[in-house]
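Here is the structure we will look at.
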Amino acid sequence: MTTTRRDLAPRYDAAAVEPAIYDRWLEADAFRPADEPPPGAEPFVIIQPPPNVTGALHLGHALTAFVEDILIRHHRMRGDDTLWLPGVDHASIAAQFVLDRILAEEGESRASLGRDRYLERMWQFMDATRDVIGVQHRRLGASLDWSRLRFTMDEGSARAVRVAFKRLWDAGLAYRGEALVNWCPRCRTTISDLENIKHEETGTLWSVRYHLARPDGTPDPDAWITVATTRPETIFGDTAVAVHPDDDRYRGLVGREAIIPFVDRRVPIIADEHVERDFGTGAVKITPAHDFDDYEVGQRHGLPMVTVLDEDARLTDAATGFAGLDRHEARPRIVDALRAAGDLEDERPHQMVIGRCDRCGTVVEPRLSVQWFVRVGPLAERALASVREGRTRILPAHFEKVYAHWMENIHDWAVGRQLWWGHRIPAWYCPDGHITVTDAQAGPDACATCGRPAAELAQETDIFDTWFSSGLWPFSTLGWPDETPDLARFYPTQVMETAYEILFFWVARMMMLGLFLTDREPFHTVYLHGIVRDPTGSKMSKTRGNVVDPLEMIDEVGADALRVALVSGNAPGVDQRLTPSKVTGGRNFTNKVWNAARFVIGARPDPLVEGPAEAGLAERWIRSRLADATARATRALETLDVAGYAATVHEFAWSDYCDWFLEMVKVDLRRTDASEADRARAWLVAAEVLGDLLRLLHPLMPFVSEAIWEPLGEAAPTATRGEPLLIRAAWPQPGERDPDTERDMAALTDLVRSVRDQRTAAGVPAGAWLPLHVVPAGPAEGDRIAAGARYLEPLARVRPLHLAAGPVARPPTASSTSLGTFWLGADPAAADAAAARAAAHRSGLRAQAERLRALLGNAAFSERAPADVVARERARLADLEAQLAALGDDAS
RNA sequence: GGGCGAUUGGCUCAGUCGGUUAGAGCGCACGGUUCACAUCCGUGAGGUCACUGGUUCGAAUCCAGUAUCGCCCACCA
């Protein structure tokens with residue numbers, strides 16, 4: 001019988017193996033679900049959070065892809081109707097930011113090109129960059145169904161956006177209105193609250209005299225009210241001065257008028273609870289068009305709103321003498337002018353919170369404008385109920401509180417953006433001011449209100465916030481609004497896995513829109529992962545220069561190693577530090593698995609003569625351990641405990657399979673007294689368990705496991721059960737545990753470890769063979785030692801083994817395990833340390849026995865603790881006492 | 001200002017339903033050319049589980065408070 005035996009390299013060479021394996025998966029079309037769902041199969045669907053089209057792969061993408069790929073591969077192997085759908089997000093503001101920079105280098109700009117040419121240019125840019133992120137995901141080993149790749153700017157998404165907005169409009173949940181919004185003067189667009197990032201900064205608090213108006217309306221040079229402000233450049237927009245109604249200092253001034261500097265406008269002095277008496281001077285200027293608080297005060301008091309800053313945050317003509325100046329230039333000049341006029345009373349540094357644009361860092365300006373909003377109240381209520389009532393759960397669970405808190409305090413969503421790259425809002429205006437919203441691609445035929453023909457209507461120029469189309473992602477990708485087969489088959493999805501950072505941006509919006517538009521929760525579980533930080537715990541950022549490029553890491557150690565590093569020991573929702581030692585650990589593990597397989601495949605007896613053979617201790621033990629590992633790994637994956645899964649397979653592979661089992665297999669393969677059938681059996685067990693181990697490992701290290709699979713199958717067809725590709729192989733069913741065998745093995749390995757400890761203590765050369773004397777604790781123990789002797793001898797490197805029957809004089813180096821008392825026939829000169837170790841061992845036993853006696857002697861314990869707990873402790877004490885007695889210790 | 005979370009060996013992190021010897025990897029010490037792997041093997045040291053109080057026969061685990069750190073949200077100009 002001849003077999004093709006592959007020569008595997010002594011080291012796992014990721015760079016050589018991984019791309020070839022990925023190509024094999026692609027050739028086999030292994031990522032795509034079957035055309036028809038397998039009968040009785042449960043769907044398991046993850047829609048990939050679409051990475052930004054402009055972004056390069058970072059560790060966050062890698063973590064996302066790894067966690068999702070692990071879940072997907074597991075379910076695919078279980079035979080579920082599994083779909084993992086990839087996508088790319090058009091990222092309007094981010095994409096414009098990038099393109100604008102490129103254009104600037106070419107001496108062009110948004111303005112110089114105009115909307116149509118700009119968008120043309122954007123599409124060219126898209127064509128050039130759109131595939132990059134996908135190609136990068138392939139290097140991670142992501143088993144995404146590329147045949148279903150979607151883009152948030154494709155026609156499917158565009159249609160979904162139009163239909164979604166039309167439904168919101170028809171339901172009265174979309175409206176247009178004037179309001180104060182966050183405006184980024186550099187991006188020249190509205191941004192949402194979430195994109196307005198608050199920073200603690202030191203500014204200046206100025207106290208400025210506003211002179212009171214005399215009856216004739218002129219300023220009284222001798223009477224004034226002093227207001228505190230951090231924004232003197234908005235003085236021109238002041239339409240009131242406010243004080244607290246209970247503030248005695250100003251009681252007499254309420255109802256009088258103050259004169260705004262420079263513009264000499266008379267404004268009322270009003271009383272409003274919003275004013276903090278203890279802050280500043282207790283009097284505040286009210287600028288309704290440039291401050292969210294003041295806006296509300298203005299509403300309450302019916303104050304006029306004067307806009308003094310334009311789209312570029314330059315002072316408008318309302319700013320007499322300062323018009324045209326940028327807000328930052330204007331500020332010091334205005335302060336100077338006030339000082340010159342003698343109206344600047346005070347100037348002091350002030351800690352304050354400043355909002356800056358998430359994208360460009362520019363100070364955000366509250367700006368009065370007419371905008372499109374989504375009324376989120378009713379949407380949020382449903383989205384909140386879904387989580388409260390458990391129809392969608394969030395992992396880790398404490399984020400449910402965060403989610404609820406946000407949903408309860410949610411503000412209407414300003415969905416319009418004054419940008420060009422994105423989905424244009426499908427609203428048309430007629431000259432009479434009517435609004436027509438349609439989901440027809442070609443636009444409306446006529447004004448819905450007055451019937452004016454389409455030619456007289458003008459479409460809204462604003463586009464949607466990127467997150468509007470993202471909010472439709474779980475169903476727009478499956479064909480919604482059409483009732484497509486994919487939508488019926490795969491929606492709602494199972495797991496939404498993403499970074500906790502975008503819980504509000506994205507997850508909340510998908511919940512709200514999904515429930516409104518499809519009447520179903522778009523996913524059953526939200527799995528949030530944390531941020532990958534640098535080894536010191538800092539967030540990775542380009543400016544800090546501490547960014548780790550996953551692709552470089554993969555070049556170095558391989559994708560599987562990076563995957564192990566990122567998912568091991570990482571709980572959901574918790575930030576992690578990626579250290580070099582974690583990456584090295586991942587690499588070492590891939591290499592360990594590779595080499596274990598190399599050994600097994602290379603150790604195949606030739607010829608392999610199968611025949612009747614008995615299941616030995618090693619075989620029974622490893623099968624039992626495998627059953628345990630399979631059950632635990634499966635359970636961990638079912639509960640989305642990815643780190644627990646990784647830890648389980650790591651421990652089983654390294655400790656059980658490699659450290660103990662393979663060492664025992666070596667013994668069995670080299671036995672001279674064994675039959676060929678016995679050797680064949682020992683090897684086949686090793687190969688078959690390796691097969692199941694590879695199945696368990698596959699989601700964690702898909703490349704290595706797949707690379708080994710084929711050569712293993714060639715050497716041992718029963719190990720792979722004829723399944724050609726591991727990615728499509730069946731997930732193992734947990735077998736039966738064998739507690740007796742596990743106990744026997746635990747006792748044996750305990751003895752091996754104790755002997756090794758004695759050897760180390762005695763300074764015995766590692767290679768030396770020593771006689772071992774054992775006095776078994778009883779006849780049963782003696783039988784167990786005899787049964788395990790063939791492993792005990794080589795693993796502990798002891799020979800010969802003396803099993804004493806009766807009482808024998810014990811040397812001071814004697815130590816004990818549950819199997820009995822033992823000592824080594826070592827050179828007496830080297831035995832001092834061993835004797836000390838043995839003495840320490842005895843005193844440890846004594847201390848434990850002491851503790852247990854105290855516990856069991858406590859009536860409260862024996863009476864109140866559960867019977868099984870008491871019995872267990874009793875048994876432990878009995879065992880300890882037996883060991884002590886066998887060592888000649890009478891302390892009991 | 002409100003909310004959420006964390007605190008476990010030198011480091012990074014696990015720790016199930018409360019059960020009496022708290023685990024892992026890295027690091028450290030010692031020993032190793034045992035024919036899969038030195039990206040390895042073996043052995044060992046190292047923790048009063050942040051602190052205080054409570055519940056309990058029993059607390060890293062449950063409760064209350066304190067301290068420190070971190071994050072999120074928020075309209076004191």
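Within every chain, numbering begins at 1; the chains are lettered A, B, ... in the order of the sequence lines, protein sequences first and strands thereafter. The structure displayed is predicted, hence computed values, not measured ones.
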Generate the contact string for nucleotides 4-11 of chain B. Rules: B means base contact, S means sugar-phosphate contact only, - means no protein heavy atom under 4.0 Å.
SS------
Letter by letter from the 5' end, nucleotides 23-40 of chain B scores (B base, S sugar-phosphate only, - none; protein heavy atoms under 4.0 Å) ---S---------BB-BS
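With sequence neighbours excluded, no residue forms a salt bridge (Lys or Arg N to Asp or Glu O under 4.0 Å) with A/Glu276. Not counting sequence neighbours, the partners of A/Asp247 by the salt bridge (Lys or Arg N to Asp or Glu O under 4.0 Å) test are A/Arg249. Not counting sequence neighbours, the partners of A/Glu408 by the salt bridge (Lys or Arg N to Asp or Glu O under 4.0 Å) test are A/Arg388. Partners of A/Arg671 under the side-chain hydrogen bond (donor to acceptor under 3.5 Å, both in side chains) rule, at least two apart in sequence or in another chain, are A/Asp673. By the salt bridge (Lys or Arg N to Asp or Glu O under 4.0 Å) test, A/Arg563 is found to be paired with A/Asp69, residues two or more places apart in sequence or in another chain being considered. For A/Asn570, the side chain to side chain contact (heavy atoms under 4.5 Å, CB included) test picks out A/Leu63, A/Gln576, with sequence neighbours left out.
As judged by a 4.0 angstrom heavy-atom cut-off over every strand, A/Val227 is placed among residues making no nucleic acid contact. A/Arg851 comes within 4.0 angstrom of the backbone, heavy atoms only, and of no base. No engagement by A/Ala643 is indicated, since no non-hydrogen atom pair under 4.0 Å with the nucleic acid exists. Across all strands, A/Pro535 comes closer than 4.0 Å to no nucleic acid atom at all (heavy-atom distances).
The CD-P distance, from A/Glu408 to B/A74, rounds to 14 Å in whole Å. Put simply, CG on A/Asn196 is 15 Å from C1' on B/C72, counting in whole angstrom units. Computed from coordinates, the A/Glu400 CD to B/G3 C1' distance equals 16 Å when rounded to whole Å.
OP1 or OP2 of B/C75 sits under 4.0 Å from a side-chain N or O of A/Lys198. The side chain of A/His350 contributes an N or O atom lying less than 4.0 Å from OP1 or OP2 of B/A77.
Look at the C1' atom in both B/A77 and B/G54: the space between them is 47 Å, to the nearest Å. A gap of 12 Å separates the P atoms of B/U52 and B/U61, to the nearest Å. Taking atom C1' on both B/G58 and B/G18, the two are 8 Å apart, rounded to the nearest angstrom. Between B/C73 and B/C49, the two C1' atoms lie 32 Å apart (nearest whole Å). Taking atom P on both B/G27 and B/G53, the two are 40 Å apart, rounded to the nearest angstrom. With P as the reference atom, B/G46 and B/C40 are 25 Å apart, rounded to whole Å. For B/C11 and B/A50, the P atoms lie 14 Å apart once the distance is rounded to whole Å.
Near RNA chain B, meaning a heavy atom under 4.0 Å away, the residues from residues 230-247 of chain A are A/Thr230. RNA chain B is contacted by A/Gly569 of residues 554-569 of chain A, taking any non-hydrogen atom closer than 4.0 Å.
A tilted orientation is assigned to the rings of A/Tyr657 and A/Phe652, their planes being inclined by 30° to 60°. A tilted orientation is assigned to the rings of A/Trp594 and A/Tyr12, their planes being inclined by 30° to 60°.
Screening residues 591-601 of chain A for salt bridge (charged side-chain N to carboxylate O under 4.0 Å, His left out) gives no qualifying pairs among residues at least two apart or on separate chains.
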Writing each nucleotide of RNA chain B 5' to 3' as (, ), [, ], | or . by Watson-Crick or G-U pairing under 3.5 Å yields (((((((..((((.....[...)))).(((((.......))))).....(((((..]....))))))))))))....
